[in-house]
Structures are given as C-alpha cells and as structure tokens.
Number of protein chains: 2
Amino acid sequence: MDKKILMAHGNGGELMGTLISDLIVDIFGKESVQLDDSAIVDPGKGSLVFTTDTYTITPIFFEGGDIGKLAVNGTINDIAVMGAEPKFLSCGFVLEEGFEISSLKKILQSMKRAIDYAGVKIVTGDTKVVENGSADKIFINTSGIGVMRDYSFRNKINPGDAVIVNGTIGDHGISIMAERNKLSFSKGLSSDSAPLNNMLLSVGEKFGKSVRFVRDATRGGVASVLNEIADNKTFSIKILEEKIPVRDEVNGVCEILGLDPLYAANEGKAVLITDPEKAEDIVKVMRTFPEGRDAVVIGEVDLDFPGRVYIETYVKGKRILPLLQEDQLPRIC
Amino acid sequence: MDKKILMAHGNGGELMGTLISDLIVDIFGKESVQLDDSAIVDPGKGSLVFTTDTYTITPIFFEGGDIGKLAVNGTINDIAVMGAEPKFLSCGFVLEEGFEISSLKKILQSMKRAIDYAGVKIVTGDTKVVENGSADKIFINTSGIGVMRDYSFRNKINPGDAVIVNGTIGDHGISIMAERNKLSFSKGLSSDSAPLNNMLLSVGEKFGKSVRFVRDATRGGVASVLNEIADNKTFSIKILEEKIPVRDEVNGVCEILGLDPLYAANEGKAVLITDPEKAEDIVKVMRTFPEGRDAVVIGEVDLDFPGRVYIETYVKGKRILPLLQEDQLPRIC
C-alpha cells in the first residue's frame, strides 16, 4: 500500500478501484460510493437551505479536531442556524501530491465520526490531486442541503429581546493561534468544533418563533456576528462583560497577546436572539446538550446606540464593539 | 483598486465590503449576495439530484473556455445526465495570494455567461485565500441541486439498444494537451465545454424512458464511460469506427502523439443508450441544439463480448476497448 498520495490517485473513479475510493468505502461504507457522479436524495417537503464552504485551515490537525471534523460541523452549522435540519452533505477534496495517506485516513475517520454524531449523510463526493507545491496538503469543500422547519430563525427582532450564547467563546481561534505559534503557556486550549443542529432543532421545536434569529459565530467571533445583526437597524445590542463565558486558558492567552476573545473564531458557538420571556427556558433546554452545557444569556437588544453593539464592563462602563475590517488570523477554517 | 489578491481579501463577508464581494455583486447581481452563509431555495416537487466537483484545471484559460465556464457546465452536466433539471449551484473559490484580480474578474464573468446560458442560478458561495505557494492560482468547487423528472435516464439497457453521442469527441482533452505542450500544429483546437441540460431535458420530455441511460464522457473519454456502463453486465457495447465523429485537428494531434480520442476528455459530450426504434428521432431533436449539432448513432448494445466494449474498424476488424487504469492527463478539469 502506498504511503503518499500520487498524481495517479486522482484519476478515474469507483470502477478503477483506486486507493482513495477503497479508503472511502472502507470508512464511509459501501453505500457511499455510487456509479454516478451525483446522488439522488429525498429531503422531504419544504423549502431547502443550500450552503457551501471550503476549509483550508492550517494546521490540519489541532487540539479538539481536524480539518475533516471542521468541514462537517461548519457546514452543518450554517444550515442549522437558518432554522433548518441538515440532511445531506457533499464532500470535495483537493489533495497535494505527496500528502500522507495515513493523514487522509485519519481525516476521513474523523469526518465519519462527525456525520454519525450529527446524524447527517455524505452522499456525493469528488477527489482531485494536484502536483506537490500546487496546494497545501488538503483542502475540503463541503456543501450541504437542509430542510426548513415551520418555524424559522429569521424573525423580527424587538427591543428587550435576549442575547444567548451556547458556551465559552473564542476557543477555536485562540487555540489555533496558540498552536501555530507553539505557545508554551497554551496548555488546556482546545477547538470547540461541534455540530449545533440537534440542540438548535430542539430549541426550534419547543420555542418556535420565540427564537428571533440565530447565527454561528465563526470568523470574526461573537462581536462580528452581533455587528452584522445590528447593522443598519434601529436597535442596538448590549452585552454584559460579567456574563460572557470565557475559559481561563483563553483569557490567559488573550491577555498576554493583546487579543479579544469576542473577536476570536468559534466553530461550535451560536448567538441566539430570543423573546426575553422565554430566554431562561431556552437556556435550560440548550444546557441538556453537550454543545450547550454552558449556555447563558449575555445581553439584550435595546435602543441606546442604534445600529451598534456595545459592552457593559464589570465597572458599568460602556464601550462600543466596532466591526473590524480584518480578521485576527488567516486560514482559521 | 488592488491588482492582486491579498490575504486580507479572504477575510469576512458581505458587510465588510471587500473587493471580492464587490466584484461578485457587480457581475452576478445584488441578489447573489445574502447576509446569511446559506441560501433558501425552492426546487419544487420531486427527488433531488445532488452533486459536487472541484475544478483544478491548468491552464485556467484555454481555447474554448476557462476554469469558470468548466466549473458551471461540468456540474450542470453531472445533474442533467441523471434525467434531472439543474436548478441551483453553489460556488467555493480557493484563491492564491497574488492571483491577478483581472483574471478573477474574467472567470466570474465567464461563470455568469455560463449560468445565464444554461438557465441555472448560483445561490450561495464562499471564498478562501491561501498564501502564495499554497494553491495554484484558483480552484473552484461547484455543487449543484437538480430536480428529477418523471422519466429517468437510469432504465434497463437491452441488447439492440442504440448508442448515441452528441458530437465530436476528444476536443477538450486534446485541446488542453496541445495548449500545455505549446504544439505549433494545434491550430483550430478548442475545448467543447458546454451545458447539456437543455438538450437532454428536451430529449427526456419527448422520449421519456426510451432513453435508457445517459452519462457525460469527461475524464477517460467515451471509451471509459462505455466501459462503466458495460462492466459486469451480460451485454457488450459495439461502436463503429466510421461513425465516431472526430475533428480533423483532433485526429491530427492524436496521430502525431499516439493518443486515442476515444479516451480523451470531453466537457460537453454525453453518451446516450436508447431504444433503437427511437434513436434517429432522438438524434434529430438533439441536432436542433448547438450542443447536439453533430449528434449521431455510433453503435449498439449486443451480446458478443459480455461486459466489454469493442470497436468495429473501417476494415471490419474487431478490437476490445479496455478500461484504462490511468488517465492521459492530470488536472484536465
């Protein structure tokens, strides 16, 4: 068995019995490989949500996950935050000639665990191999189809609405940054990569349109998502510093490097805007899921600074959280 | 305005008004850019076809097209050959830092022309930028959703059925090979990249289940597709050398380089297996479309060499066309 990806591994498909399709059958199961380049799927009634993302993260293996887990969970989350049930994923690999096959195997196994955990299926795929130096190890595109539920997470936001986050923020971004810079004091950091579909479906089913809006807080972090929500609106969003869940390890790295976890990437966190009357009940339901263990209300919608996001600090000072033009890190997902 | 892609162009989305999203709005129109990472789409009743492909072709611009046109048409064709109507595409770019923005613009314009011509929509997208040397200029993933029609192009194949191809074969593969090798005698060669959806929908509507099977003949060419169809079956497939349409320019390059157009890639050609009684009528309908101008019956299904594909030569000799393990060219699509 070859140890490294060769240009020839990119040729042809199932019938040629190449190493890559053998690996995929081995890990994903026989039903994952079709004669056709396309899959026939039956998502059921309702409008669909369709999304795509290419993952180019470096390093490809990191504390808490790898590029494969990220590629599955990231696309699931893009669908789940729309108030839809993710059903089917596609998967397109670009592999660099010379990439270790053992690493590809680990990534495929990780993707398999992720789809099984989330309850979605990879139904169609594609693999391209490019010459050494023409790509950086492995890029993965996942596209996904979900089915809209009767409720929708795109409803009218009102002053007084609560702002909820499902756990500690900045874990992914700060963990990757520490790993890349080989920071010796970064022990205990870990990416939060997780699928949010089951938690969000449960919340949607129980609370329906009391959930006004949901968005995953990936690149740019919680502060950027809140800015997108408030942009050009008549309301503002206030968050309370004392309520924002941040792991000690993340705070430690942030303080030393002068970073702000509010702007750091997450891969398993969403911001929910909800009816304030239902907020504590929603938090309770979220906490029954591992992904929502540390769910908490962190703020509210008000009218004090229309179109802006601001933080009330421990000492009751107020500070605008602007929309940053630049991310803190490239190739974070 | 910057002339080259910078790492910063990969940051953030619509709200940050980056050059890339401005370009996309400019070319694809305002409705193409949503606040959300996902699109809500309504394909209508019926099972769906879902497919994905990543395009890594080099060179990215070539006679008859470019990587953008290929990425649109290739994914449309994967759906159309299933007997489905392609409706929605996603589009994921990986851009190399330093890539010329003027080239990106040309590619986007080409994609826009391709989707308009084919009558499909790009509804969701993603752009990642990686460091210089971490990718080769531009890779494009397109995934697509189509709606199955009542007829299906996956029916039982019977001895006697006709084999149809919609025009000259090997144009794409031989054209790219000539271009890469800067062959001076390659004048007049051009990729055949074209969307087959409208032609195939028309054939499906008029002839329904008289169309047994359709597959686009991309990597590996017509010979490989026919081998996939015949593999493990009780029938064989015979094609007639005198019927196979090949452009003189393609034949010329093939003779000099010792290549076989039957194994060369196409990007706008499909093989149809049909009821022999209807074959000539089907060809007539195909010829009313530019993509089917040179459609012709090239062979038939028989029982002479079960599981195999063979060619009857001009002098009535018979030669097996085996399934090749290796493509003639890497990065052909």
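Chain letters run A, B, ... following the sequence lines, proteins first and then strands; every chain starts at 1.
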query = Can you find a pair of side-chain heavy atoms, one from B:I138 and one from B:I60, that are under 4.5 Å apart?
reply = yes

inquiry  = At a heavy-atom distance under 4.5 Å, which candidate from A:F50, A:Y55, A:F93, A:F139 has the highest pair count against chain B?
reply    = A:F50

query = chain A heavy atoms under 4.5 Å from B:T75: which part of the residue, side chain, backbone, both or neither?
reply = neither

message = For A:V94, which atoms come within 4.5 Å of any heavy atom of chain B: side chain, backbone, both, or neither?
response = side chain

task = Apply salt bridge (charged side-chain N to carboxylate O under 4.0 Å, His left out) to B:K128 and list each qualifying residue two or more places apart in sequence or on a separate chain.
result = A:D53, B:D126

Which atoms of A:I57 approach chain B - backbone, side chain, both or neither, heavy atom under 4.5 Å = neither

query = Among A:L48, A:T218, A:T56, A:D136, who wins on heavy-atom pairs under 4.5 Å with chain B?
reply = A:L48

Heavy-atom contact with chain B under 4.5 Å, split by part of A:F88 = both

query = Are the side chains of A:E96 and A:S134 in touch, meaning some heavy atoms are under 4.5 Å apart?
reply = no

note = Applying a strict 4.5 Å limit to non-hydrogen atoms, the region of A:C91 in contact with chain B is backbone

query = Any donor-acceptor pair under 3.5 Å linking the side chain of B:H172 with the backbone of B:K269?
reply = no

ask   = Picking from B:D42, B:I79, B:T58, B:V41, which has the most non-hydrogen pairs under 4.5 angstrom with chain A?
value = B:V41

ask   = Does any N or O in the side chain of A:D231 come within less than 3.5 Å of the main-chain N or O of A:N227, such that one atom is a donor and the other an acceptor?
value = no

Less than 3.5 Å apart, which donor and acceptor atoms pair up between the side chains of residues 144-153 of chain B and the rest of the protein, not counting sequence neighbours?
{"residue": "B:R149", "atom": "NH1", "partner": "B:E205", "partner atom": "OE2", "Å": "2.8"}
{"residue": "B:R149", "atom": "NH2", "partner": "B:E85", "partner atom": "OE1", "Å": "2.8"}
{"residue": "B:S152", "atom": "OG", "partner": "B:R154", "partner atom": "N", "Å": "2.9"}

